[in-house]
Number of protein chains: 2
Amino acid sequence: MEMSTRLTAAAERLFDRHGYMATGMDRLIAVAGMSSRTLYKHAGSKAQLMARVLNERDRRFMARLEVQSVDALFAALEDWVRVEGARGCLFLRSRAETGGETPEIAEAVAIHKAAFHRRIEEVVAVNLGREDPELAEQVLVLLEGATHAAVYRGAEAVSAARAAAAILIERAQT
Amino acid sequence: MEMSTRLTAAAERLFDRHGYMATGMDRLIAVAGMSSRTLYKHAGSKAQLMARVLNERDRRFMARLEVQSVDALFAALEDWVRVEGARGCLFLRSRAETGGETPEIAEAVAIHKAAFHRRIEEVVAVNLGREDPELAEQVLVLLEGATHAAVYRGAEAVSAARAAAAILIERAQT
DNA sequence: TGAAAAGTAAAACGAACGTTTTACATTGAT
DNA sequence: ATCAATGTAAAACGTTCGTTTTACTTTTCA
């Protein structure tokens, strides 16, 4: 397996499960299975590595949201939670952990959240046949809420959000 | 001002704005305006201090949710965000930062989230005149979503959640 | 008045942090 | 065959971490 891939995968796993600040480079070196010299050649720095993890995660996550209906957005989130587990949004978490004071990280988060918002607006527009920014904002809140409530309420939170969204969509369609 | 109050207030401010792990005790000592000896006499340890911050925040936050309608829950959250700003849920954040591996913190978070869930179920029951656990789950998701979406979408996210909740409640009342 | 309690300032603790360096081994393409 | 690239293992860099200790100075109140 490619060195860079192994590194990014190990970093995502550790940062997500144990926290960015709480994960030391020694632990990362051990899990990635490479020397610190090689790690730093590929990573640059810890913050740059976190930024690459976020950009990679943005690709994977946004790919799942290439759907045509609002309901499919929630189905996609259900899949994501089943596969990846529910530990909250890694983007918001890593920005909060660093107080927004690490530019590479803050930038990666801003880019992802802007794309996330845009995508929801698009899906709502396709589903409804017209733009509806207010409904899109509600759907965004439900997705964000499902992601975070699932941490302590489990997958039930996602299906609750899905049902709520269905009601809002139905109401907007007539 | 009481030493303990000053300490807890400074800790909450720093942990919330810059992150728990990212905040060093030296910085805390400087902002709280006391010697490290005094700090440790009152705090015990950094983790215990965070736990006390969370318990104190639970008191303040839950006091605001002593209301009789679902709409008032969102009004309370709007107030909270206006006063305290929107940096996500400190409970979920601090648990995530420590990977759930710091018992004092994990316990404080579990207690708060259980109380939060219970309170929403109560308010929904009062508002509706009957229990409705599924609607309560949706309201919880909307509150959690508003809290986290407000980080990057601003107060607009809270009013969107409020409007969505109004629709769900109206539908459940008939 | 005087002993206990509670505070300060500052040095020190060992451990862990992110990162770099030194010295060497393996590989791959010309 | 060899030069350049890429890897390892491990020590070392200086800094910062959370916490404790030492040596004094208030404050409190019976």
Side-chain angles (χ1 to χ4, degrees), chain A residues 1-54 93-108, chain B residues 1-54 93-108:
Chain A
M1 201 208 242
E2 276 288 343
M3 268 314 58
S4 260
T5 316
R6 243 166 67 203
L7 174 55
T8 311
E12 179 170 8
R13 183 158 224 278
L14 290 177
F15 291 160
D16 184 40
R17 295 185 125 78
H18 306 285
Y20 168 67
M21 285 290 185
T23 301
M25 296 306 266
D26 284 3
R27 193 173 185 188
L28 192 48
I29 282 158
V31 171
M34 64 186 60
S35 66
S36 65
R37 202 176 200 275
T38 304
L39 185 144
Y40 274 96
K41 168 169 283 188
H42 288 95
S45 70
K46 193 186 187 185
Q48 283 172 53
L49 178 56
M50 175 86 263
R52 287 213 291 111
V53 163
L54 292 176
R93 282 167 50 204
S94 55
R95 201 183 72 159
E97 274 209 60
T98 54
E101 288 152 18
T102 308
E104 307 97 303
I105 294 176
E107 196 200 359
Chain B
M1 200 209 245
E2 274 289 344
M3 226 70 309
S4 261
T5 315
R6 241 165 69 201
L7 173 54
T8 310
E12 179 170 8
R13 184 158 224 281
L14 289 177
F15 291 161
D16 184 39
R17 296 184 124 78
H18 306 284
Y20 168 66
M21 286 289 185
T23 301
M25 296 305 266
D26 284 5
R27 193 172 184 187
L28 192 47
I29 283 159
V31 171
M34 62 186 61
S35 66
S36 65
R37 202 176 199 278
T38 304
L39 184 145
Y40 274 96
K41 166 169 284 189
H42 288 94
S45 69
K46 193 186 186 183
Q48 283 171 54
L49 178 55
M50 175 86 263
R52 287 212 291 112
V53 163
L54 292 177
R93 281 167 50 203
S94 56
R95 201 181 73 159
E97 274 208 61
T98 54
E101 289 150 19
T102 308
E104 306 97 305
I105 294 176
E107 196 200 359

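All values below were derived from every heavy atom in this structure, side-chain atoms included, with hydrogens, water molecules and symmetry-related copies excluded.
The side chain of A/Lys46 sits closest to C/dT19 out of C/dT19, C/dT8, D/dT19. Nearest to the side chain of B/Ser36, among D/dT8, D/dT20, D/dG18, sits D/dT20. When distances run from any side-chain atom of A/Thr38 to the nucleotides D/dG7, C/dT19, D/dT20, the shortest one goes to D/dG7. When each of C/dG18, D/dG7, D/dT20 is scored by its nearest atom to the side-chain atoms of B/Tyr40, the top-ranked nucleotide is D/dT20.
At a threshold of 4.5 Å between non-hydrogen side-chain atoms, the residues B/Arg27 and B/Leu14 count as touching.
Between the CD1 atom in B/Ile29 and the CZ atom in B/Arg37 there is a gap of 13.0 Å [rounded to 0.5 Å]. With values rounded to the nearest 0.5 angstrom, B/Met50 atom CE is found 9.0 Å from B/Thr98 atom OG1.
No contact: B/Gly44 has no heavy atom under 4.0 Å from any strand.
Looking only at distances, no side-chain donor or acceptor of A/Arg93 sits under 3.5 Å from a matching main-chain atom of A/Tyr20.
In this model, no side-chain donor or acceptor of B/Arg37 finds a partner on the base of D/dT19 within 3.5 Å.
Taking atom CG on A/Asp26 and atom P on D/dA10, their separation rounds to 13 Å, with Å as the unit. Atom P of nucleotide D/dG18 and atom OH of B/Tyr20 are separated by 8 Å, given to the nearest angstrom. Remark: C1' of D/dA4 and NZ of A/Lys41 are 11 Å apart, rounded to the nearest angstrom. One can place CG of B/Leu39 at 15 Å from C1' of C/dA10, the figure rounded to the nearest angstrom. Taking atom CE of A/Met25 as the reference point, atom C1' of C/dT20 lies 12 Å away to the nearest angstrom. Regarding A/Leu7, its CG atom lies at a distance of 14 Å from the P atom of C/dG18, rounded to whole Å. Distance, B/Arg27 CZ to D/dT19 C1': 20 Å, rounded to whole Å. Across the protein-nucleic acid pair, A/Met21 atom CE and D/dC17 atom C1' stand 13 Å apart, rounded to whole Å.
A cation-pi arrangement, defined by a distance under 6.0 Å to the six-membered ring centre and an angle within 45 degrees of its axis, is absent between B/Lys46 and B/Tyr40.
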